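A short write-up of the structure that comes next.
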Amino acid sequence: MPVGVEGDFASTNPYHTLLVGEGEAKAGESGVIVGRFAWFDPDTGTVSNAKTSAKALIGFARRDNTALIVQFTEESSLKIPKGFAVTLYDGGDFWARFAGGAQIGQKVYANTMDGSVNAADSLPAAVDGASFVDTGFVVASNADAGALAKITKY
């Protein structure tokens, strides 16, 4: 039985959304994958899992059932389609998937190319042209490689 689903709330503690204006944040050309970090571009009003602007604001894309199943054979989807509303969170407790695993207390870094999460004690080096940014979140539960862990920020 899974402990949660990436992008879900990991507790009933308070949370905080990125203040961007009602209905202003819409998924960009490529859509937005929930359970990852994404950037809101105030000039275009679009949200992307890739950092596209120096003044873009970062937040966590929570799973709030906005994603759609659009492929005939898909059973589930974590993708919010282009043009759909996106709510980004800059505080709270969430489930996130860590390809390299995670340990309690490590900092959470976001990949600037796809918003995927990375846990480390210090800023990871750039890989394949992607850099990482400190999200301000920290790991709140241990996870093996490819598993879910809780992340938190207040």
Side-chain angles (χ1 to χ4, degrees), residues 4-10 15-21 24-71 74 76-103 105-153:
V5 176
E6 55 201 283
D8 268 348
F9 285 124
Y15 54 84
H16 188 266
T17 59
L18 202 61
L19 190 58
V20 299
E24 192 171 331
K26 306 276 191 251
E29 270 314 304
S30 301
V32 174
I33 305 297
V34 300
R36 296 183 180 192
F37 285 90
W39 285 265
F40 170 74
D41 185 334
D43 291 334
T44 63
T46 59
V47 178
S48 172
N49 290 115
K51 186 176 181 181
T52 58
S53 165
K55 56 182 167 178
L57 306 171
I58 190 171
F60 187 76
R62 185 181 85 81
R63 179 179 167 263
D64 59 5
N65 296 323
T66 309
L68 292 178
I69 300 172
V70 294
Q71 297 291 350
E74 280 185 322
S76 63
S77 174
L78 294 175
K79 185 175 185 175
I80 300 172
K82 173 187 173 185
F84 278 58
V86 178
T87 303
L88 297 177
Y89 292 77
D90 58 1
D93 302 330
F94 304 95
W95 288 104
R97 187 168 305 281
F98 290 85
Q103 294 180 354
Q106 287 183 310
K107 292 181 179 182
V108 177
Y109 296 93
N111 181 316
T112 58
M113 299 292 281
D114 64 9
S116 59
V117 294
N118 187 313
D121 295 320
S122 60
L123 185 66
V127 178
D128 296 328
S131 59
F132 296 89
V133 295
D134 187 346
T135 64
F137 281 80
V138 295
V139 176
S141 66
N142 294 324
D144 293 330
L148 296 173
K150 295 175 187 176
I151 62 172
T152 186
K153 177 183 173 189

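Quick caveat: nothing in here was measured; it's all calculated off a predicted structure. Just so you know, these numbers use all the heavy atoms, side chains as well, and skip hydrogens, waters and symmetry mates.
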[X]: what forms a side-chain contact (heavy atoms from CB on, under 4.5 Å) with it, not counting sequence neighbours?
X	value
Arg97	Glu6, Leu148
Ala130	Asn111, Met113
Ala119	Phe98, Ala102, Gln106, Val139

Test side-chain hydrogen bond (donor to acceptor under 3.5 Å, both in side chains) applied to [X] - qualifying residues, sequence neighbours left out:
X	answer
Asp114	Ser116
Asn118	none
Thr44	Thr46
Thr112	Ser131

For the residue pair [X] and [Y], what are the closest heavy atoms and their distance?
X	Y	result
Ala56	Pro42	CA-CD, 4.2 Å
Asn49	Gly31	OD1-O, 4.2 Å
Val86	Ala27	CG2-N, 3.6 Å
Trp95	Phe9	CD1-O, 3.5 Å

Non-neighbouring partners of Asp43 that pass salt bridge (charged side-chain N to carboxylate O under 4.0 Å, His left out), sequence neighbours left out: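 With sequence neighbours excluded, Asp43 shows a salt bridge (charged side-chain N to carboxylate O under 4.0 Å, His left out) to Lys55, given in chain and number order.
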Non-neighbouring partners of Arg62 that pass salt bridge (charged side-chain N to carboxylate O under 4.0 Å, His left out), sequence neighbours left out: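 Residues passing salt bridge (charged side-chain N to carboxylate O under 4.0 Å, His left out) with Arg62: none at all.
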Apply side-chain contact (heavy atoms from CB on, under 4.5 Å) to the pair Thr87 and Tyr89, showing each step before the final yes or no. CA-CA 7 Å; Thr87 303; Tyr89 292 77; 3.7 Å; yes
Quick one, Val47 and Leu88 - any side-chain contact, counting heavy atoms below 4.5 Å?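 Val47 reaches Leu88 side chain to side chain.
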Taking side chain as C-beta onward, heavy atoms only, is Asp134 less than 4.5 Å from Leu123?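 The answer is no; the side chains never approach within 4.5 Å.
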Tell me which pairs pass ring-ring contact (aromatic ring centres under 6.0 Å, His included) where either residue lies in residues 107-143, with sequence neighbours left out.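 Every ring-ring contact (aromatic ring centres under 6.0 Å, His included) pair that includes a residue of residues 107-143, provided the two are not neighbours, is Phe37-Phe137.
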Contact list for residues 24-42, test side chain to side chain donor-acceptor pair (under 3.5 Å), sequence neighbours left out: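 Those involving residues 24-42 are Glu29-Lys82.
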Could you name each residue pair satisfying side chain to side chain donor-acceptor pair (under 3.5 Å) that touches residues 141-153, not counting sequence neighbours?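 Pairs touching residues 141-153 that pass the test: Asp93-Thr152.
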So does Gly28 get a backbone contact from the side chain of Ser48, meaning a donor-acceptor N/O pair under 3.5 Å?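 Between the backbone of Gly28 and the side chain of Ser48 there is no qualifying donor-acceptor contact (under 3.5 Å).
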Rounded to the nearest 0.5 Å, how far does OG of Ser77 lie from CD1 of Ile33?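 Result: 6.5 Å between the selected atoms.
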